[in-house]
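Notes to accompany the following structure.
Residue numbers begin at 1 in each chain, while the letters A, B, ... track the order of the sequences.
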Protein chains: 2
Amino acid sequence: MAGRTAFDLDADEVVDAALALLEEEGLDAVSMRSVGARLGVSPVPLYSRVGNKDALLEAMAARLMAGMAPAVDEGEPWVDYAVRWATAVRRRFARTAELRLVLGNSRAPFVEATRPLIDTLRRAGFAADEAVQACRLLLWAVAGFATIEGGTVRDRPTRGRRPGGDPSGVSRTEADHLFAVHVRYVVEGIARDHEATGVDG
Amino acid sequence: MAGRTAFDLDADEVVDAALALLEEEGLDAVSMRSVGARLGVSPVPLYSRVGNKDALLEAMAARLMAGMAPAVDEGEPWVDYAVRWATAVRRRFARTAELRLVLGNSRAPFVEATRPLIDTLRRAGFAADEAVQACRLLLWAVAGFATIEGGTVRDRPTRGRRPGGDPSGVSRTEADHLFAVHVRYVVEGIARDHEATGVDG
DNA sequence: ACCTGAACACCGTTCAAGT
DNA sequence: ACCTGAACACCGTTCAAGT
């Protein structure tokens, strides 16, 4: 088991190492060299496993976002599930403060997370395109919020930014409140538009 | 006038050069070396003018966002102004596709843009904290939207991303529609909450 | 075949040396 | 005083050389 070399090594292990580095030392510490070093390998073999650095970042994002959507309760009203879904997505973002940087690369992981919400809306009587639009709205709202939030509540020093010096920064509880209101507005809007169109059935 | 050296050179000129580089070649082309070179100067003098690269990015963001808020019409209902304001903020973002990266650094420019909206809400009878919350909601909603939008509608190749290959990507007109609905939901939500509290007067 | 070390063309930042 | 060139400690990526 100590006989591990670069010859066995798959993409998952590379992503594991990169995520460990992200968690322990932040995104700046994730480089092809540092990931290789953590695996006891030169940077070169990583290219055959994950492509290049952009692709590695995408794979990290995909792993962090996998299974993001909460399970659907059977008789749960769609409004409740939508709020739970939005909250879960936001929380997954919050877990990794610097994810907003990872995020720049692909939104594919979000699409996967979207399916259970779409299904729930369809079961609630939304037309296909109506459900897609509602889901997109909520996804963009939450992802956007989380992205901004990630920038506002920064915990890594970045040299010379004194805490509380940014007047647009909000506290954790203010952000929580802002998020709750925001999601409520969007969900209520979706509900009202839905009622206005689907009076039959 | 050809006798320009590094000895006269102020922060504004540095920011000018950096923005020109941003517009012409993208954010990756903006480095302390490249900005210096465009000014015919070594990278060293830039440090006494703008601090460091983070500070330069902040200054660029501030310049791009300056005067972002549209002028207030006298008798205009606050709802109309709020929508105009949101639209203007979004447009300012869209102008610089990679601004979302510049954005990571400071939200101070947004705070400045916020004032006319706050004033309009106050004149419409919003309490101080109510106006601040409404404004924050709209700001976060729009900034978040624009950030995601900037990542989705990418025009720079980034090696190996085929156009239309990202299923979460939406077309320009879809994004426009999404934005309009999103802003409407938030503004309507603000209006309803306001009516619910401020029945007197 | 698939690794490693060295190399290329870059970074941000600092420092000794010049004028 | 304030510049420049060189340096330091990094990048992502590629390539010749080794096994």
Side-chain angles (χ1 to χ4, degrees), chain A residues 2-15 17-19 21-22 24-61 98 101-102 104-106 154 156-161, chain B residues 2-15 17-19 21-22 24-61 98 101-102 104-106 154 156-161:
Chain A
R4 199 163 226 350
T5 73
F7 285 81
D8 38 77
L9 177 71
D10 58 19
D12 277 344
E13 288 174 282
V14 175
V15 175
L19 286 174
L21 235 24
L22 173 69
E24 291 166 21
E25 304 183 53
L27 188 61
D28 286 350
V30 178
S31 73
M32 299 303 270
R33 281 175 166 84
S34 66
V35 173
R38 175 176 264 261
L39 293 162
V41 160
S42 95
V44 178
L46 306 194
Y47 286 84
S48 61
R49 306 305 194 281
V50 298
N52 61 13
K53 187 170 183 191
D54 273 3
L56 174 58
L57 292 176
E58 284 186 29
M60 291 166 70
E98 308 202 64
L101 297 177
V102 177
N105 291 69
S106 169
R154 66 173 67 214
R156 244 158 251 286
T158 316
R159 192 219 288 276
R161 180 183 310 279
Chain B
R4 199 163 226 349
T5 74
F7 285 82
D8 37 77
L9 177 72
D10 58 18
D12 277 344
E13 289 173 283
V14 175
V15 176
L19 286 174
L21 235 25
L22 173 67
E24 291 166 20
E25 304 183 51
L27 188 61
D28 286 349
V30 178
S31 73
M32 299 303 269
R33 282 176 166 85
S34 66
V35 173
R38 176 175 263 261
L39 293 162
V41 161
S42 94
V44 179
L46 306 194
Y47 286 84
S48 62
R49 305 307 193 282
V50 298
N52 60 13
K53 188 171 181 188
D54 273 3
L56 173 57
L57 292 176
E58 283 187 28
M60 291 165 70
E98 308 203 61
L101 297 176
V102 177
N105 290 69
S106 169
R154 68 173 67 215
R156 243 159 250 286
T158 317
R159 190 220 286 277
R161 180 183 309 279

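- When the P atom of D:dC2 is taken as reference, atom CG of B:D10 falls 14 Å away, rounded to whole Å.
- Rounded to whole Å, atom P of C:dG12 lies 4 Å from atom NZ of B:K53.
- Where B:Y47 and A:P45 each meet DNA chain C at their nearest nucleotide, the meeting point lying more 5' is that of A:P45.
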Please list each protein N or O that sits under 3.5 Å from an N or O in nucleotides 16-19 of chain D, with the distance.
none

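- Annotation: D:dA9 and C:dA9 have their P atoms spaced 22 Å apart (nearest Å).
- DNA chain D forms stems at C:4-8 with D:12-16, C:12-16 with D:4-8, each a run of 3 or more consecutive Watson-Crick or G-U wobble pairs whose two key distances fall under 3.5 Å.
- Between B:S34 and B:S31 the shortest heavy-atom distance is OG-N, 2.8 Å.
- Here D:dT13 presents its P atom at 6 Å from CE of A:M32, a figure rounded to the nearest Å.
- Nucleotide C:dG12 holds its P atom 10 Å from the CG atom of B:L46, rounded to whole Å.
- Considering only side-chain N and O atoms, B:R49 lies nowhere under 4.0 angstrom from the phosphate OP1 or OP2 of D:dC2.
- Considering only heavy atoms from C-beta on, A:L46 stays 4.5 Å or farther from A:L56 through its side chain.
- The side-chain contact (heavy atoms from CB on, under 4.5 Å) check on B:P43 picks up B:M32, B:R33, with sequence neighbours excluded.
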Under 4.0 Å protein heavy-atom contacts per nucleotide of nucleotides 5-10 of chain D, with B for base, S for backbone only and - for none: B-B---
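- In this structure a side-chain-to-backbone donor-acceptor pair under 3.5 Å is missing from A:D54 to A:L57.
- Distance CG (B:N52) to P (C:dC11): 16 Å, rounded to an integer number of Å.
- B:L19 and B:M60 make their closest contact through CD2-CB, 3.9 Å (heavy atoms, listed as atom of the first residue, atom of the second, distance).
- Listed here is the closest heavy atom pair of A:V30 and A:L21: CG2-CB, 4.1 Å.
- Atom pair A:L56:CG and D:dG12:P shows a separation of 10 Å (rounding to whole Å applied).
- For B:R38, the salt bridge (Lys or Arg N to Asp or Glu O under 4.0 Å) criterion is met by B:E24, not counting sequence neighbours.
- Taking B:A59 as the reference, B:V15 meet the side-chain contact (heavy atoms from CB on, under 4.5 Å) condition, with sequence neighbours excluded.
- Note on B:F7: only backbone sugar-phosphate atoms sit closer than 4.0 angstrom, heavy atoms only; bases stay farther off.
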